[in-house]
Protein chains: 2
Amino acid sequence: MTQTLQEIQEHPVNYVPKELLASPGFLLAKMGVAMKTRALEEFEEAGYEAYHYGVLALLDESARGTQAAIADALAVDRSQLVGILDSLEERKLIERHRDQTDRRRQTVTLTAEGRKQLVRLRGIVRGIEDEFLAPLDAKSREALHDLLLQLACFHDPRCGAGAA
Amino acid sequence: MTQTLQEIQEHPVNYVPKELLASPGFLLAKMGVAMKTRALEEFEEAGYEAYHYGVLALLDESARGTQAAIADALAVDRSQLVGILDSLEERKLIERHRDQTDRRRQTVTLTAEGRKQLVRLRGIVRGIEDEFLAPLDAKSREALHDLLLQLACFHDPRCGAGAA
DNA sequence: TATTGTTATACTCTATAACTATA
DNA sequence: TATAGTTATAGAGTATAACAATA
């Protein structure tokens, strides 16, 4: 949609309905989707996908995991994870090894290069957040984080258990 | 994805990476998308689309509007709005009338039935929010709302101007 | 020629189903 | 028979492009 100058002049009262702005649920959805969209763009610009960061961050904490466990932790379908891992393996950021006790399973581990790129991705993530949360000072960001974490723990038990 | 009992037993440490949980941006995206998904489901269950509510709420505030103005206010593409309005018109919740001074334009207005259904939809919206924001008390919800509104106004000027 | 509303098309993201090799 | 990973397919949701009527 390309908005011309004339359009802007003819429709100056181009406001978002107050009723929607008064709804925390609407704003949460709106801002959450905007945050996600922004993140996807930034990652793509850097040559990555957002899920790459999730996988690397997870492996950095747990050292190794089966694909099923990784998929569950990140709440992506196992079939979706395949492509993500393929892409990470091509770049030599992770390695897949057959589990010798159960040859159906692959054990996924982080490479040295993967650890290095994770640091780079952390920088990108910080940049995205700083830009998106720009109007909020440190205290406000922490307040927002607290509230969102309460919601996350309530709706997804895996947040509380692992983070405790 | 069907998770069997055996899987749950074999992968008990099915936690979300702490690094992600520590990120307000990640949580905002995660919860925002969850909120949106939940809302879409609830609306569908009630026989509506989420955008129906947006259109009705907007028309209730501004009485009438061209399709272009409505699309811009709700940040949907004009081509997408067509289907939404078709659906609302079929149910006789809105009416489209050709603008006689510029026959390219359609003026969209709310019907009495539309006003009635808007009340019903407001109830649904309240239900969705109450369920999703359940762990937060009134004060916390207001704090969340304030923070999100700051973000919305920063990223989308139409929020501040119209709401002031 | 440009714009409104409309229709048609393509693309992203995700969810589901089917396949293989192992158990 | 059931599971781990994989591949193939289908479905939302949205963005882009082309169109007819009107200005």
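Here the structure is a predicted model, which is why all the values come from computation and not from measurement. Numbers restart at 1 for each chain; the letters A, B, ... are given by sequence-line order, proteins then strands. Computed from heavy atoms alone, side chains included, the values below leave out hydrogens, waters and symmetry copies.
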Peer 1: Just the rounded figure in Å: distance from P of D:dA4 to CD of A:Q67.
Peer 2: 11 Å
Peer 1: Kindly say if B:R96 contacts the phosphate of C:dT4, meaning a side-chain N or O under 4.0 Å from OP1 or OP2.
Peer 2: no
Peer 1: So, is A:R78 near the phosphate of C:dA17, with a side-chain N or O under 4.0 Å from OP1 or OP2?
Peer 2: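 It does not, given that no N or O in the side chain of A:R78 lies less than 4.0 Å from OP1 or OP2 of C:dA17.
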Peer 1: Without hydrogens or angle criteria, can the side chains of B:Q67 and B:R96 be said to hold a donor-acceptor pair below 3.5 Å?
Peer 2: yes
Peer 1: Of all heavy-atom pairs between B:L85 and B:V55, which one has the smallest distance, and what is that distance?
Peer 2: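 Closest approach of B:L85 to B:V55, heavy atoms only: CD2-CG1, 3.9 Å.
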Peer 1: Without decimals, in angstroms, what is the distance between A:D77 CG and D:dT6 P?
Peer 2: 13 Å
Peer 1: What's the CD1-C1' distance between A:I94 and D:dG5, to the nearest Å?
Peer 2: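 Checked: the CD1 to C1' distance equals 13 Å.
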Peer 1: Could you report the tightest heavy-atom contact between B:L147 and A:S140, atom names first, then the distance?
Peer 2: CD2-CB, 3.7 Å
Peer 1: How far apart are the closest heavy atoms of B:L81 and B:A71, and which atoms are they?
Peer 2: CD2-N, 3.7 Å
Peer 1: Rounded to whole Å, how long is the line connecting atom CG of B:D86 with atom P of C:dT6?
Peer 2: 7 Å
Peer 1: Rounded to whole angstrom units, what separation is found between the CD atom of A:E41 and the C1' atom of C:dC13?
Peer 2: 15 Å
Peer 1: Would you check if A:L58 and B:K18 make a side-chain contact, meaning some heavy-atom pair closer than 4.5 Å?
Peer 2: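 A side-chain contact is absent here, since even the closest heavy-atom pair is not under 4.5 Å.
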Peer 1: Whole angstrom is fine here: how far is it from CG in A:L85 over to P in D:dT6?
Peer 2: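 Rounding to the nearest Å, CG of A:L85 and P of D:dT6 are 7 Å apart.
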Peer 1: Just the rounded figure in Å: distance from C1' of D:dA20 to CD of B:Q106.
Peer 2: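 Value for this atom pair: 14 Å.
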Peer 1: Taking all non-hydrogen atoms of both residues into account, name the closest pair between A:V33 and B:K36 and its distance.
Peer 2: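 Result for this residue pair: CG2-CD, 3.8 Å.
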Peer 1: Measure from NZ or CZ of A:R91 to the centre of the six-membered ring of A:Y48, then state whether that distance is under 6.0 Å and the direction lies within 45° of the axis.
Peer 2: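 The answer is yes, since A:R91 meets both limits relative to A:Y48.
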Peer 1: Do B:T66 and B:Q106 pair up side chain to side chain, a donor and an acceptor below 3.5 Å, judged on atom types alone?
Peer 2: no
Peer 1: Between the protein and nucleotides 21-23 of chain C, list every N/O to N/O distance that falls short of 3.5 Å.
Peer 2:
{"residue": "C:dA23", "atom": "OP1", "partner": "A:R103", "partner atom": "N", "Å": "2.8"}

Peer 1: Under 3.5 Å, is there a donor-acceptor pair linking the side chains of B:E19 and A:Y53?
Peer 2: yes
Peer 1: Between A:E49 (CD) and C:dT12 (C1'), how many Å, whole number?
Peer 2: 12 Å
Peer 1: Could you list the protein-to-nucleotides 9-14 of chain D atom pairs, N/O on both sides, closer than 3.5 Å?
Peer 2:
{"residue": "D:dT14", "atom": "OP1", "partner": "B:K36", "partner atom": "NZ", "Å": "2.9"}
{"residue": "D:dT14", "atom": "OP2", "partner": "B:Q80", "partner atom": "NE2", "Å": "3.1"}

Peer 1: Report yes if a donor N or O on one partner sits less than 3.5 Å from an acceptor N or O on the other, where the partners are the side chain of A:S79 and the base of C:dT16; otherwise report no.
Peer 2: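 Yes, the side chain and the base share a sub-3.5 Å donor-acceptor pair.
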